[in-house]
Amino acid sequence: MTIGSYRHDQNKIVVLNPKGGCGKTTLATNLASYFALRGPPPTLIDTDPQGYTARWLARRPDTNNRIISVTGYKLAVQGNRSWPFRMPRDAGAVIVDTPAGLTQREIAELTRDADCILVPVLPSAFDVHVTVNFIARLLMLTQLEVPVAVVANRTQRNTLSLAKLLRVLNELETPTIAVLRSSQNYVQAADLGIGIYEMPPYRVNEDVEQMDQVIAWLDRRLMKSLEPGLMSRLNPLPRLFATSGTSA
């Protein structure tokens, strides 16, 4: 089997929005569960003192695919820049879940050496206003060197709030890569310590289709070269963070 040339030295995905309650942990945990199935084991870093991601991992069944857990908020607050990178050599995707109310310095630390930044936003006027202003500051901070994308979260189809959200987001230079619906599947998965990709397909087909758009964007942005033979079990795109030619 052909081994692809991938950026497994830099695979840091930061889920970021200073507004609380916008679904950062939901997005981060579902990405982690996806990459756990795809392999190799991802690393999920919880930088939030509330510890929502760490509690999700504590509920995760031992029989499910491995996710490496790092609780980093203490080190992050102390400004130790090396803390996110003390990972096992075989670690796959590094996904960073961040807290609300970050300072400019903390945002700079958390996004240092990031390969992609995902910004979830809810369809409310206040959330949209806060997020649009934040994205403008974020683009200046990263000097347009890091791909940034928006994920509309907890939406309801055919509503005025969603229509308004999409109108505002369409005016941004930053792409909106997915519109995730408000679904009890995310709630039930969180309670079980799993992701939607680990639930029965007949229950989550629509949600998986939407989340696949996030995965596809990450693959396109982070893949260094396209080689045959490394195909995901869940996605027709090659395995992004492969460290060997062995299937997960």
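For this chain, numbers begin at 1 and follow the sequence in order.
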Would D219 and R38 count as a salt bridge (charged side-chain N to carboxylate O under 4.0 Å, His left out) if you check the C-alpha gap in whole Å, the side-chain angles of each, and the deciding distance to 0.1 Å?
CA-CA 12 Å; D219 278 337; R38 195 158 95 168; 2.8 Å; yes

Quick one: does any side-chain atom of E198 pair with a main-chain N or O of G195 as donor and acceptor, under 3.5 Å?
yes

Donor-acceptor pair, D115 side chain versus N11 backbone, under 3.5 Å?
yes

Heavy atoms only: give me the nearest K12-L110 pair and the separation to one decimal.
NZ-O, 2.9 Å

Counting only N and O atoms by type, is there a donor-acceptor contact under 3.5 Å from the side chain of T111 to the main-chain atoms of A114?
no

Distance only, no hydrogens: is a donor on one side chain within 3.5 Å (strictly under) of an acceptor on the other, for T53 and D48?
no

Would a single hydrophobic cluster contain both W217 and L180, if residues Ile, Leu, Val, Met, Phe, Trp and Tyr are joined by side-chain heavy-atom contacts under 4.5 Å?
yes

Any side-chain heavy atom of Y52 within less than 4.5 Å of one from T29?
no

To the nearest 0.5 Å, what is the distance between CG (L138) and OG1 (T131)?
11.0 Å

Side-chain donor-acceptor pair present, Y34, D212, cut-off under 3.5 Å:
no

Can you confirm whether N65 sits close enough to Y197 that some side-chain heavy atom of one is under 4.5 Å from a side-chain heavy atom of the other?
no

Measure the spacing between OG1 of T103 and CD of E109 and express it to the nearest 0.5 Å.
9.0 Å

Taking the side chain as every heavy atom from C-beta outward, state whether N17 and T98 have any pair of such atoms under 4.5 Å apart.
no

Contact summary for V214 and A178, nearest pair of heavy atoms:
CG2-CB, 3.6 Å

Would you confirm whether T47, through its side chain, and D97, through its main-chain N or O, come within 3.5 Å as a donor-acceptor pair?
yes

Identify the two heavy atoms, one from P42 and one from A32, that lie closest to each other, and give their separation to 0.1 Å.
CG-O, 3.3 Å

Is L222 close to I13 at the side-chain level, that is, under 4.5 Å between some pair of heavy atoms?
yes

Please answer: with hydrophobic residues joined when any side-chain heavy atoms are less than 4.5 Å apart, are L122 and L102 in the same cluster?
no

Minimal heavy-atom distance between I95 and F35, with the atoms involved, is CD1-CD1, 3.9 Å

Do you know the tightest heavy-atom contact between Y186 and M211?
OH-CE, 3.7 Å

Taking all atoms of both residues into account, what is the closest heavy-atom pair of I196 and A189, and its distance?
N-CB, 4.3 Å

Output yes when a side-chain donor or acceptor of R60 lies under 3.5 Å from a complementary backbone atom of R66, and no otherwise.
no

Should we say atom CD of E206 is surrounded by more than 12 heavy atoms from elsewhere, each under 6.0 Å from it?
yes

Decide yes or no for I177 and V151: does some side-chain heavy atom of the first lie under 4.5 Å from some side-chain heavy atom of the second?
yes

Whether the side chain of R59 engages the backbone of A190 through a donor-acceptor N/O pair (distance < 3.5 Å, no angle test) should be reported.
yes

V128 backbone acceptor or donor facing K19 side chain under 3.5 Å:
no

Do V146 and L141 belong together in a cluster built from hydrophobic side chains that touch within less than 4.5 Å?
yes

How many angstroms lie between atom CZ of R220 and atom SG of C116, to the nearest 0.5 angstrom?
10.5 Å

Please answer whether the main-chain N or O of D46 pairs with a side-chain N or O of T71 as donor and acceptor at a distance below 3.5 Å.
no

Say whether, by atom type as modelled, one donor and one acceptor occur between the side chain of Q50 and the main chain of P99 under 3.5 angstrom.
no

I'd like to know if the side chain of D127 reaches the main chain of P123, judged simply by a donor and an acceptor atom lying under 3.5 Å from each other, with no hydrogens or angles considered.
no

4.5 Å side-chain heavy-atom contact, N153 and L27:
no

Just so I know, are the side chains of V121 and C22 near enough to count as touching, which here means a heavy-atom distance under 4.5 Å?
no

Close side-chain approach of L218 to L31, heavy-atom, < 4.5 Å:
yes

Cluster link V130 to I135, ILVMFWY, side chain under 4.5 Å:
no

